Protein chains: 2
Amino acid sequence: MDIAMLEALGRRITTLRQARELSLSALAVKAGVAKSNLSNLEQGRGNPTLDTLWRLAKQLKVPFGVLIATEVGMASSVIDNGMYITLLGQGSAAHPIDAYLMRVEAGASRLAEPHTCGSEEHIMVLKGEVEVGHHDATRQLGPGETTRFAADHVHIYRALDEDVAMLVTIIYPPVTQDHPA
Amino acid sequence: MDIAMLEALGRRITTLRQARELSLSALAVKAGVAKSNLSNLEQGRGNPTLDTLWRLAKQLKVPFGVLIATEVGMASSVIDNGMYITLLGQGSAAHPIDAYLMRVEAGASRLAEPHTCGSEEHIMVLKGEVEVGHHDATRQLGPGETTRFAADHVHIYRALDEDVAMLVTIIYPPVTQDHPA
DNA sequence: CGTCTTTGTTCTTTATATAGAACGCTCGTT
DNA sequence: AACGAGCGTTCTATATAAAGAACAAAGACG
């Protein structure tokens, strides 16, 4: 990994903690992690577990991405130049659905790789004009308009004159639950 | 933590991996993590290390925030017993649209007052079964299903057996606003 | 002054995440 | 068939993250 990143993470935790006026011990207790663990983390040693990070983020009341915000180029929700994506919510295991808020800057476009075979994508435009769909059959949508297409082929999003915001919902094929022995 | 979150993380990794057309083994090699580790992760077992997550995110070319479901950062407010709503985004002034993530606990229901005359409401269900619409003409929707109705009459949301999550988009009538100051 | 409390550090110990090998499985190929 | 190559799973072994106790240092308060 990158020790610089770990150090940055440590400093960030320290900063956030102090901003909340919590002592290291206090945060450790509230978050339910060992003092030693937290101490090491803040010093940039170690390699925290998702669980640990989760508890800390929860107590510090910051979104997860903020803890990991990075100079290494993996900013919290930028995926491309002019493209931002945020996970909003998801369905149950039996009905796997992911909902994202996607923003595209004016003029930007993005080619999306196919998702799982059989998945569909549903778009609802909030703001701006956007061209979406398979590259040979796109549709142009404005605010309030929706479309739906198979997501297991390459598809494109392109913002026209204006910044675009849209809800993107990916509907995966239902899980054929296998019965454990 | 939440094992549901781990399962979601697993699903997401699987999806992203398949979208890149990588086999589990291939991704494991490219990312530099053990196959067994990745396999367990995708099955929702375990509690990955920041290092592991980092390498995977890097190879999958996704931001961290996307890999990790971030309900923590989601400031939601309770509006009724069993009802939670979060504002996700809004359209422009010229095209006023509000998008919300609404969650309703199993069995709960809510009667919504009419909105601005001429406004429409669009529903996309993420999770659970819900009954929505005007009280004399409701529709029952499951995950991935959508409906749209005039929102300037009283309407109802009712979660059936299961907790419900849905995207609610309110589309106000276009503003015939000319010449802004 | 002493002696409590609270600070953050660094020990030791235990739990477990990861690595690596071995497994059964499904395909192509000969 | 038999074989090999790929797949994803599940073993075992090892490295290490996390927990808990002990630590020195710095106030707080009588």
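Here is how names work: the chains are called A, B, and so on, in the same order as the sequence lines, proteins then strands, and each is numbered from 1. None of the values given here were measured: they were computed from a predicted structure.
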**Request:** Determine the contact category for A:Glu42: base if any of its heavy atoms lies under 4.0 Å from a base atom, sugar-phosphate if only primed atoms, P, OP1 or OP2 are that close, otherwise nothing.
**Result:**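 Nothing, no heavy atom under 4.0 Å.
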### Task
Would you classify A:Ser23 as touching base, sugar-phosphate or nothing, given that sugar-phosphate means primed atoms plus P, OP1 and OP2, and contacts are heavy atoms under 4.0 Å?
sugar-phosphate
### Message
Within the structure provided, determine whether A:Arg158 and A:Val132 are in side-chain contact (heavy-atom separation under 4.5 Å).
### Response
no
Roughly, in whole Å, what's the span from [atom1] in [X] to [atom2] in [N]?
X	N	atom1	atom2	value
A:Asp51	D:dA19	CG	C1'	13 Å
A:Ile13	C:dG8	CD1	C1'	15 Å
A:Leu41	D:dA17	CG	C1'	9 Å
A:Leu22	C:dG8	CG	C1'	15 Å
A:Arg45	C:dG8	CZ	P	15 Å
B:Leu9	C:dA17	CG	P	13 Å
A:Leu50	D:dA18	CG	C1'	15 Å

Output row for DNA chain C, stems defined as at least 3 consecutive Watson-Crick or G-U pairs under 3.5 Å, is C:1-6 with D:25-30, C:8-23 with D:8-23
Ignoring backbone atoms, establish whether B:Arg55 has a side-chain N or O less than 4.0 Å from OP1 or OP2 of C:dT18.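 False: B:Arg55 side-chain N/O out of range (4.0 Å or more) of C:dT18 OP1/OP2.
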Check ion pair [X]-[Y] (N to O, under 4.0 angstrom):
X	Y	answer
B:Glu120	B:Arg148	yes
B:Asp163	B:Lys127	no
B:Arg139	B:Glu145	no

Nearest-nucleotide pick for [X], side chain only, options being [options]:
X	options	result
B:Ser39	C:dT10, D:dT10, C:dT7	D:dT10
B:Leu24	D:dT9, C:dT18, D:dC7	D:dT9
B:Thr52	C:dA17, C:dG8, C:dT18	C:dT18
A:Gln43	D:dA19, D:dA18, C:dT10	C:dT10

Distance (rounded to the nearest 0.5 Å) between [X] [atom1] and [Y] [atom2]:
X	Y	atom1	atom2	value
B:Ile156	B:His134	CD1	NE2	12.0 Å
B:Leu101	B:Leu126	CG	CG	6.5 Å
A:Glu121	A:Phe149	CD	CZ	4.5 Å
B:Leu16	B:Leu56	CG	CG	10.0 Å

Here the residues of residues 26-38 of chain B within 4.0 Å heavy-atom distance, strictly under, of DNA chain D are B:Lys35, B:Ser36
**Prompt:** Are A:Gln43 and A:Ser39 close enough, and set up right, to give a side chain to side chain donor-acceptor pair (under 3.5 Å), and what steps lead you there?
**Reply:** CA-CA 6 Å; A:Gln43 285 167 68; A:Ser39 175; 2.9 Å; yes
